Every structure is written in structure tokens, then in C-alpha cells.
Amino acid sequence: MASSDSDSSADSESDRDPDSDRARVGLVVNPAAGRDVRRLTGGASVVDNYAKRRIAECVLEGLTVAADGIEVAAMPSRAGIARDALAESDVAADAFPAEILEMTLEGSAADTRTAAARFREETDTIVVLGGDGTTRDVALESGSVPIVAVATGTNTVVPSPVDGTLAGVAAGLVATGAVPADDVTTRHGTVEATVRSSGTADGSRLTALVSAEISSRSFVGTRALLDPADLRGGVVSRAHPGDVGLSAVAGAVMSEPVVGDDPGGVAVRLDDPDTAERTVRAVVAPGVLATVGVESWERLEPGDSVLFEVPDGVVGADGERELETTDATVELCPLKAGPRLVDVERTLAVGARRGGFDVETASSARE
Amino acid sequence: MTAQVERELETETEELTVREAIRQALREELERDEDVFLIGEDIGEFGGVLEVTGDLYEEFGDERIKDTPISEAGFTGAATGAAATGTRPVVELMFSDFSGVAMEQIMNQMAKMRYMFGGKAEMPVTVRTTEGGGMGAASQHSGTVHTWMAHFPGLKAVAPGTAAAAKGLTKAAIRSNDPVFVFENKMIYEQTGQVPTDEDYTAPIGEAAIEREGDDVTVVATQRLVGESLQTAESIADEFGLEVEVIDPRSLYPLDTETIVESVRKTGRLIVADESPLSYGTHAEIVARVQEEAFFSLDAPIQRVGTPDTHMPFSPPLENEVLPDGDDVRAAIERIS
Amino acid sequence: MANYNLESSEGRVEALRRMLLIRAFDEEAGDRFADGEIPGFVHLYIGEEAVGVGTCAALDPDDYIASTHRGHGHCIAKGLDPKYMMAELYGKAEGYCNGKGGSMHIADVDAGMLGANGIVGAGPPLATGAALSIDYDDRDQIAVSFLGDGAVAQGQVHEAMNLAATWDLPVVFVVENNQYGEGTPVEDQHNVDNLSDTAQAYDIPGLTVDGMDVTAVAEAVDEARSRARNGNGPTLVEAETYRYRGHYEGDEEPYRDEAEIERWKDRDPIDSFTERLIDRDELTEAEFEELQTEVEAKIQDAVDYAQDATPPEPHEAYDDMFGEIPPEIERFATAARTDGGTPGGDR
């Protein structure tokens with residue numbers, strides 16, 4: 001939380017130039033994504049900031065697909081990941097205007113939310129490099145601006161493990177309208193948790209993108225929800241055995257998968273694997289294939305809510321412990337108005353169909 | 001003749017090279033004390049770049065003969081930490097020139113820990129390292145830096161000139177609860193001498209050895225210059241009938257001032273021969289102590305033989321020019337006799 | 001068993017007590033330094049209490065720690081007695097180092113405390129060496145090296161990490177990232193944003209935790225300790241924290257502003273943990289007041305003890321250089337003992 005702001009240059013005005021007719025793409029690279037305790041336990045891969053910078057350079061390269069019609073604004077960070085990416089990506093630097101957002105840095109997730117709030121007004125598409133947590137933080141503030149989420153975090157159910165260049169191409173096509181956003185985006189559900197207790201957490205709310213979890217651990221600690229024995233259940237906005245986390249558990253017991261843009265969600269309550277109604281194997285965290293006892297599961301419509309009594313525990317969001325509570329009742333409720341996510345593969349296919357990759361040459365001009 | 005030398009001569013001996021004597025010391029101490037282990041670059045299967053550790057690896061294995069990365073600060077520091085926590089490491093710094101890389105841990109940790117902690121830490125670490133020119137190894141592999149360590153409070157420094165001293169000092173260093181640097185001149189590894197076979201033989205740190213008795217001139221010589229001074233003494237005796245007393249101080253810090261001073265009181269003449277650079281050094285310390293204690297016994301100016309404040313050059317004619325030897329000792333004797 | 005374990009309510013209250021003790025000790029040390037009673041330099045740990053206490057909560061009493069120039073907190077977290085610490089700060093004979101070390105060199109090797117250290121980055125090789133002893137003797141212990149963010153730029157730190165990683169030694173490197181290396185912000189000293197990323201160069205886990213949360217630090221170090229004891233080698237834990245006071249007492253701090261300090265103070269490790277314990281009914285307001293009173297009394301006792309303690313005799317300057325005193329030093333010791341004068345000839 002140093003006061004200096006190494007990415008911002010003092011004289012750059014980050015407000016969008018009102019005379020510009022270029023589409024504007026926001027870029028969020030979360031420097032903190034993927035550096036937590038899962039590097040030590042479980043099997044999370046490590047994406048260091050140099051790798052993130054290289055991926056950001058790929059995104060910039062991909063954006064040159066719409067070079068004539070695009071400009072880029074990037075969230076700053078203390079380490080200057082975006083700054084370095086812009087500096088090193090000569091192609092991008094020459095191809096379109098690019099700037100670093102001028103903002104005061106906190107060195108925390110607040111930076112992501114601040115940048116996202118600015119992007120809500122100023123951009124046509126946002127590219128996010130991070131995990132579920134970063135994507136959620138952007139989604140909380142970015143309204144209905146389409147988001148291209150590229151996985152560089154630890155828990156990455158929502159962001160795609162897609163090559164950054166392809167993500168950049170897709171963002172360019174959507175931002176410029178070469179591919180209509182409505183054709184290639186879906187609204188991902190979210191889950192809201194509300195705490196009622198006699199303690200200081202009373203009235204606290206948090207929003208999860210994929211899953212809101214109840215853990216019997218007392219403290220937030222290193223955040224990650226790692227030990228399946230601590231997990232008491234929760235509500236997920238999607239349920240698929242191909243996901244990682246509580247949504248994988250729900251996916252293992254539901255007869256039909258629930259995908260991100262299906263309305264509503266699934267409530268699951270866990271119990272001792274030896275006595276539970278049903279016991280399944282599920283990937284509860286990267287590198288952790290656990291045996292989990294499921295006591296009950298229930299499909300929820302948007303606005304339906306379930307209650308968890310929490311004498312001593314933590315409410316989690318997207319695989320991370322967030323809120324410590326005691327003697328609390330926690331209400332979990334799936335909502336439908338979540339982030340508008342771009343399907344990269346579909347965008348590229350639609351883009352091709354619409355001639356978005358065609359290059360005008362002397363011979364094509366004669367036809 | 002000191003009591004120690006007499007004791008040494010009474011015991012059974014065998015002929016060994018300096019290299020073999022050091023290896024025997026290491027082997028005996030490894031056998032005697034399980035807390036002892038060796039740590040350094042290429043000392044294991046490779047046997048040491050100057051072949052001192054030799055076959056110890058085959059005998060004791062990689063737990064006790066530990067090869068390290070090329071990381072002098074790291075492993076010297078680790079040895080310091082290990083010594084403070086219950087083991088007895090013996091470090092090999094391949095060339096003494098490399099001690100510069102490890103100097104922080106040596107001067108601020110190894111040397112100071114016991115004192116800064118009010119005596120509540122033991123520091124039983126030995127650092128063996130090679131010194132000296134004569135091999136065409138050039139400036140970064142030929143230095144003689146023992147003055148640094150002898151000067152620095154909290155470190156002990158020994159520098160054997162004979163095979164017996166090499167074994168005895170190495171064993172005494174390992175048994176000491178203080179940090180001891182053992183400076184091995186690389187040109188005398190093949191030099192042979194009689195070495196006591198007794199496994200309890202040590203050369204106490206702080207005791208000099210009179211290697212040749214004489215009444216006319218005292219030569220305090222270290223390392224390679226001990227042997228060369230002994231040869232010079234023989235030829236001077238033949239040519240001029242002068243009897244030169246040759247003392248190997250063996251231990252530079254602490255220094256056996258008494259043995260040297262007694263000799264000078266007898267001879268009235270002193271030459272100090274040590275391969276380190278001449279200015280501000282080992283020579284100066286010995287000279288200072290002698291003038292403090294035996295000023296009025298001196299019959300002639302004290303002479304110094306050493307490297308004339310240059311680095312060790314590569315080309316043999318250049319190296320020969322600056323490297324002190326028996327002829328320089330002879331010239332010094334002739335100047336004052 | 002750990003000194004105090006954050007898994008139990010008693011352990012948590014004990015952790016809070018130790019954090020309070022550290023803060024009270026350092027506030028007192030700062031005041032007494034300002035009064036001119038304590039000579040030399042003092043570097044205060046205020047604001048960083050959760051790192052030392054969280055780390056030591058995950059350790060057994062016989063585990064080793066190597067500390068830094070900002071070591072008072074590590075000492076108290078490890079269980080050293082504030083009385084003898086304060087006596088050492090006062091330069092008294094009863095101090096941990098008989099007055100020879102002072103604030104920057106407090107040590108108690110028998111208690112597993114391998115010393116505060118005036119050289120930035122010197123601790124990691126020493127802790128690696130302690131881990132080497134542990135490994136050599138097959139003992140069931142680990143060694144922890146505390147180091148600051150500034151130390152991560154030191155060469156010997158990286159040599160130690162490489163050595164420890166290559167040999168799978170039971171050591172945990174706890175980087176206390178307090179945002180400034182002396183007076184220079186961390187981002188002006190390192191090209192990596194997360195200092196934990198440096199672990200990747202040694203193929204060991206490196207993670208970053210909230211250093212203002214004692215439970216986060218303890219949980220991370222506990223995992224790292226298990227890994228170390230299972231023979232899997234070192235871990236780097238970066239704890240993001242903040243020092244409220246200057247680099248040293250008297251530092252005018254031109255490099256930061258009050259607003260930044262206040263932002264961090266909003267997340268004060270002691271306040272937030274107290275609030276959580278009260279929320280959990282593990283501590284009442286009254287019990288907290290009692291704890292405060294007890295801690296303040298203990299520190300007052302320590303100051304009284306230190307003020308009344310004996311100044312060392314001049315001749316003690318000659319003790320402890322070596323296991324056996326060499327003649328070079330002995331003559332000065334003898335002279336100082338007999339007439340306080342100098343031995344004949346020189347000095």
C-alpha cells in the first residue's frame with residue numbers, strides 16, 4: 001500500500017478523449033492473483049508476474065486485429081505489469097493508443113474494483129487476467145461491459161485457459177462491434193451471502209461468482225479453502241464435475257449439469273462421508289481430489305435462498321475464506337444479473353463468418 | 001626447543017607429505033567425533049581441487065563430506081549457523097582469494113557471534129583454505145591473505161610450514177570451540193616430513209616450533225618459507241659458520257611471542273619471512289612485538305622478506321620476481337650479519 | 001507442542017498477549033531511547049507484531065529462529081524474557097548478552113534464538129546452517145529465518161535459499177515486507193511485485209499472506225513447517241505488513257505520509273485480533289483491560305529491573321572473544337581488573 005503509483009505518469013489524463021471514435025478496451029492484470037497458500041498446499045500452478053506480463057503482451061498483440069479502431073486503458077499496479085507489457089509490446093505501441101489509468105493504488109483488491117468502476121463508464125470491453133476472484137471483483141463494478149476473462153489465478157472456473165493472443169483478438173472484435181456482443185456473450189449468475197448475527201459481522205454481505213461456501217474454520221487465515229473436511233456446504237451458481245471447488249461437488253450429485261448462464265443455482269449441504277446421504281469424489285481445489293459426503297442438494301431458482309446456521313465459521317467466496325462469523329445465520333441466494341462474459345471461441349468463429357479476419361489486398365480489392 | 005617440539009620428537013613418527021598429513025588429520029577427527037563434517041566445493045567424489053580430501057568421500061560418504069554449490073557466502077554462512085547449533089563443520093574455501101566472497105559471514109557473524117552474545121554461543125568452525133604463488137595461477141588464485149584473518153578480532157589463524165604442523169594444527173583447529181582458519185600453502189603439499197602417528201597428537205594453537213636451533217640470527221618463517229629458510233640456514237652454516245635459528249610460528253593469532261622474543265634475546269638479529277604483502281602485515285606485527293619486548297637485545301635492524309605489495313602475476317618470470325624465497329632470506333641475513 | 005497454538009482459545013489469547021507485550025515493550029523502548037536512557041540505535045517492531053507472533057505460534061519451543069535488526073518482536077514471540085531484553089538495551093550486565101550486544105544483537109541460543117542481526121540479509125545463511133545441523137543430526141526441529149523486504153536484494157540471501165532448496169533443508173524463510181527497505185519503498189528496490197515470486201528461482205513454494213493477520217501468518221508457517229519436517233525442504237512465506245515507526249527511532253520519514261500510515265493502522269493487527277476474540281466470546285472487554293494492565297506492569301517491571309541492573313565492569317570487555325582467552329587480550333583484561341590501567345608499553 002505504498003503511496004507511489006509507478007504505472008501512472010503524472011501528466012496523463014486517463015479520462016477518455018471525448019473526440020475519439022475508437023472503441024476502448026480496458027485491461028486488468030491482477031498482480032496478486034495466484035500467489036497464495038495454494039502454491040504450498042494443493043496443486044495450484046504458479047503464474048508469476050513475469051508470465052502475466054507476457055500474457056498481457058499477447059493480449060495487446062491480439063488486439064491489433066482491430067488496430068485502426070481501438071485504444072487501450074490499463075489498470076496500474078505497483079510492479080507495473082501493464083506498463084511493462086505496453087513498453088515491451090512494440091507492435092501494440094505503434095498500432096493503437098494505449099495508456100495507464102491514473103489512480104491511487106491501495107495494493108489490494110480495491111485497485112481492481114476502482115479500475116473496473118472507471119471502465120464501466122469508459123470502455124467497450126474489459127480483458128481480465130486473473131482467477132475467479134479477480135473476475136468477480138471486476139464484475140461487481142463493471143455493469144454490463146463485456147468481459148474477456150483469461151485464467152492466471154488459482155481457482156479458475158470462469159476464466160478460460162485461453163491463449164492471451166486469442167483473447168485479445170476476441171476482445172478487439174467485440175469492442176469494435178465487428179462481432180455483436182449480444183451474439184457471443186452470456187450473463188453469468190452470482191451468489192449473494194448475507195450474515196445475520198449478534199457480532200460485528202451482522203449485516204455483512206458478499207458476492208461470489210461461482211460459489212459461496214460455509215467453512216467450519218474459525219479464521220480467514222491464508223484464505224484458501226483447502227481442507228474438504230472444513231467445508232459445510234454452500235450455494236453455487238453453476239454445477240459441473242468439470243469445475244473445481246464446491247461446484248464440482250454439486251456437479252457430481254446433480255443429474256444434469258448447471259452452467260454459468262442457467263438461471264439460479266444449487267444449494268449443497270455436506271456431511272461426514274461415512275454417514276452422508278451420498279458420498280462422491282470431487283476436485284475441491286486444484287490438486288485435491290477429495291471424498292466428500294453430501295447430505296442434501298437442491299436446485300434453486302433466482303431469488304430462492306437457503307439458510308446456514310454458523311456457530312463458528314467463515315463465509316467463503318469462490319474458494320477463498322472471506323468473512324469470519326460466530327453465532328450467525330447466513331442466507332445464501334443465487335442472483336442472475338452477473339457479469340457479461342465473452343465466449344472467446346464463439347467470438348472467433350462468428351468473427352470469421354463475418355469476415356472479421358479478412359485483409360484487403362490489391363487482389364481482393366479488384367473482386 | 002619448546003616442550004611441545006620435544007614431546008613431538010619423542011613420539012613415533014612416519015613420513016608423510018603435507019597433503020597426506022592434513023588428510024590424516026581430517027580422517028582422524030572425522031572418526032573421533034561424529035559432529036565433525038567437511039563442507040566445500042568439489043571435496044567429495046572429486047577429492048578436492050588440490051586433492052587434499054582425496055578418498056575421504058569413499059570412506060565417510062556424502063553426509064559427512066558435503067559438496068556445495070559454488071556459493072562461498074552461502075556455505076560459509078551455513079557452516080557458521082551449524083557451528084552455533086551443535087555441529088562442528090570444517091569448511092574448505094578452495095582458494096583464499098575466494099574468502100572475499102564470504103567475508104560478510106566471516107567478519108560479522110563467525111567472528112563476532114560469541115562476543116556479541118555475551119559468550120552464549122560456541123563457534124567450533126574450521127576454515128581450511130589454500131594460499132600462495134608459484135603455480136602460475138595468477139592474481140585471483142595465488143593470494144596470501146592470512147593477515148586479514150589474523151588481524152580480525154574473534155578469529156584464530158594458523159599457517160603450517162611442515163607436515164607435522166599441518167596435521168597437528170588441523171586437528172587442534174577442529175577440536176577448538178573457536179573459529180580457526182588454517183592457511184595451507186599450495187606449493188608445499190608435496191613436501192615431506194616426519195609426522196607423529198599418535199591420534200591424540202595436536203599442535204596447540206598459539207605455540208611456535210623451533211625447527212632449527214642457532215645462536216646467530218633468528219629467522220621467523222611461515223609456510224613455504226620455513227623449508228626454504230632451513231635450506232638457506234644449512235648453506236649459510238657451511239659457507240660462513242653462522243648458525244641460524246629457524247622458528248615456524250605455526251599460529252599467527254594467537255602468536256607465540258615468547259618463543260620468538262627469547263630467540264631474539266639470544267641472537268640479537270631477526271628476519272621475518274612471510275609470503276604476505278609487506279605493508280601493514282604479519283611481518284609488521286612480529287616486528288612490533290619484538291621491539292616491545294626485546295628492543296635492547298637487538299644488534300641490527302630487523303629485516304622483512306615478503307611479497308612487495310603486488311598481486312601475484314601470471315607469467316613465470318614476473319611471478320619469480322615478486323615471490324619471496326630462500327635467496328631473499330639469505331640476502332636479508334647477509335645484510336645484517 | 002507449540003509454545004502457543006492458534007487452534008485453541010487459550011492459544012489465541014496468549015498470542016494476543018504476546019502481541020500486546022511486543023507493542024508495550026517497543027513503545028517503552030522508544031520512549032526510554034528518546035529520554036537518552038538507552039544508547040545506540042533502536043529499530044521498533046510496532047505494527048508488525050502479527051508476523052513474529054504468528055510465526056512462532058507455529059513453532060515448537062526448540063525450533064530455531066534467526067532474526068533481524070528489528071528483532072525485539074521476534075524475541076518476545078519466541079518467549080524471551082522482557083526483563084533481560086530491556087537490561088540488554090540498557091547495556092547492563094544482566095542483559096541477555098551481558099551488555100555486549102544491545103538492541104541489534106539480542107540472542108539466546110539455548111532458547112533457539114540465534115540472534116538479532118545488524119547485517120541485512122545475514123540471517124538466512126545462519127538459519128540454513130541451523131537447519132543443516134538439524135538435518136545432520138536427524139533432529140525433529142526446523143529453523144526459521146526472518147528477513148525484511150530489503151534483504152531480498154542481498155546476494156547471501158539467495159545463496160542461502162539455493163543451498164537450503166538444493167539440500168531440502170528444514171528451513172522457512174519469513175519475509176517481513178513492511179513496504180520500505182530503510183527509507184526506500186519496496187517497489188523501488190525490487191522488480192518483482194510479490195517478493196514470494198523469488199522462490200520460483202529455487203523451485204520451492206513461495207506464497208504471500210496478510211502480515212497484519214496473526215492467523216494467516218500462523219497458518220502459512222504451520223504448513224511450511226510440516227513441509228520442512230517431512231523432508232520436503234524450505235518454503236518462502238512473504239508477510240505483507242507495515243512498520244508504524246521510522247526505520248530507526250529518530251528517522252524523520254520524508255518518504256511517506258501520514259495518510260498512508262493511517263490506512264495501515266486501520267488494519268492494526270492487535271486491534272483487529274482483539275475485536276475478533278471479543279466477537280467470539282473468547283475474551284471480554286474486562287479481560288482485555290486486565291491483559292493490558294498485566295502487560296504494562298510486566299514492561300514497567302522490565303524497565304525497573306533494567307534501570308537497577310549492574311553496569312558491566314570495564315574488564316568484562318575482554319571476556320567472550322574466544323573460548324580460551326589469548327595472551328594478546330589477557331594482558332589488557334588483567335590490567336583492567338587490577339588497576340583499571342593499561343598494560344605496559346602500548347594500547
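Not measured: the values here are computed from a predicted model. Values below: every heavy atom of this structure, side chains too, minus hydrogens, waters and symmetry copies. So that the names make sense, note that chain A is the first sequence line, chain B the second, and so on, each numbered from 1.
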Does any N or O in the side chain of E328(C) come within less than 3.5 Å of the main-chain N or O of P254(B), such that one atom is a donor and the other an acceptor? no
Are there residues of residues 170-178 of chain B whose heavy atoms fall under 4.5 Å of chain C's heavy atoms? If so, which? D178(B)
Scan the side chains in residues 90-99 of chain B for donor-acceptor partners under 3.5 Å anywhere in the protein, sequence neighbours excluded, and list what turns up.
{"unit_1": "E92(B)", "atom_1": "OE1", "unit_2": "R128(B)", "atom_2": "NH1", "d": "2.8"}
{"unit_1": "E92(B)", "atom_1": "OE1", "unit_2": "R128(B)", "atom_2": "NH2", "d": "3.4"}
{"unit_1": "S96(B)", "atom_1": "OG", "unit_2": "T130(B)", "atom_2": "O", "d": "3.1"}
{"unit_1": "S96(B)", "atom_1": "OG", "unit_2": "G143(B)", "atom_2": "O", "d": "3.3"}
{"unit_1": "D97(B)", "atom_1": "OD1", "unit_2": "S142(B)", "atom_2": "N", "d": "3.3"}
{"unit_1": "D97(B)", "atom_1": "OD1", "unit_2": "G143(B)", "atom_2": "N", "d": "3.3"}
{"unit_1": "D97(B)", "atom_1": "OD2", "unit_2": "G143(B)", "atom_2": "N", "d": "3.0"}
{"unit_1": "S99(B)", "atom_1": "OG", "unit_2": "S96(B)", "atom_2": "O", "d": "2.5"}

Please state whether the side chain, the backbone, both or neither of A111(C) comes within less than 4.5 Å of a heavy atom of chain B. neither
Engaged part of L114(C) at the chain B interface, taking heavy atoms whose separation is under 4.5 Å: both
CZ of F322(C) to CE of M123(B), rounded to nearest 0.5 Å, is 12.0 Å
Contact class of K112(B) relative to chain C, heavy atoms under 4.5 angstrom: neither
Where the side chain of Y96(C) meets the backbone of G118(B), is there a donor-acceptor pair that is under 3.5 Å apart? no
Decide whether a cation-pi geometry holds between K100(C) and F117(B); the criteria are a distance under 6.0 Å from NZ or CZ to the six-membered ring centre and an angle within 45° of the ring axis. no
Quick check: are there more than 12 heavy atoms from other residues, nucleotides or ligands sitting under 6.0 Å from CD of E324(C)? no
Considering only heavy atoms, give the residues of residues 145-161 of chain C separated from chain B by less than 4.5 Å, sorted numerically, with 'none' for an empty result. Q156(C), E159(C)
Considering residues, nucleotides and ligands other than E31(B), do more than 12 of their heavy atoms fall under 6.0 Å from its CD? yes
One option among I134(C), L126(C), N98(C) has the most heavy-atom pairs under 4.5 Å with chain B, and it is L126(C)
Rounded to the nearest 0.5 Å, what separates atom NE2 in H105(C) from atom CE in M113(B)? 11.0 Å
Just give me the residue among M104(C), M321(C), E88(C), R139(C) that pairs up with chain B most often, heavy atom to heavy atom, under 4.5 Å. M321(C)
For the interface with chain B, which of T166(C), L163(C), I329(C), T128(C) has the highest count of heavy-atom pairs at distances below 4.5 Å? L163(C)
Can a donor-acceptor pair be found, under 3.5 Å and without considering hydrogens, that links the side chain of Q105(B) to the backbone of A122(C)? yes
So what's closer than 4.5 Å to chain C heavy atoms on L255(B): side chain, backbone, both or neither? both
Measuring heavy-atom distances to chain B, does N117(C) have an atom under 4.5 Å in its side chain, in its backbone, in both, or in neither? side chain
Which atom of P69(B) lies closest to which atom of W167(C), heavy atoms considered: CD-CZ2, 4.3 Å
Donor-acceptor contacts, no H, no angles, side chain residues 72-86 of chain B, under 3.5 Å, sequence neighbours left out:
{"unit_1": "T76(B)", "atom_1": "OG1", "unit_2": "E72(B)", "atom_2": "O", "d": "2.6"}
{"unit_1": "T80(B)", "atom_1": "OG1", "unit_2": "T76(B)", "atom_2": "O", "d": "2.8"}
{"unit_1": "T85(B)", "atom_1": "OG1", "unit_2": "G81(B)", "atom_2": "O", "d": "2.9"}
{"unit_1": "T85(B)", "atom_1": "OG1", "unit_2": "A82(B)", "atom_2": "O", "d": "3.1"}
{"unit_1": "T85(B)", "atom_1": "OG1", "unit_2": "S133(C)", "atom_2": "OG", "d": "2.9"}

Counting heavy-atom pairs closer than 4.5 Å to chain B, which one of A164(C), G115(C), G101(C), G323(C) comes out on top? G323(C)
Would you mind checking which part of E34(B) comes under 4.5 Å of any heavy atom in chain C, side chain (CB onward), backbone (N, CA, C, O), both or neither? backbone
How many angstroms lie between atom NZ of K120(B) and atom CG of D108(C), to the nearest 0.5 angstrom? 7.5 Å
Can you tell me which portion of D62(B) sits under 4.5 Å from chain C's heavy atoms? Options are side chain, backbone, both or neither. neither
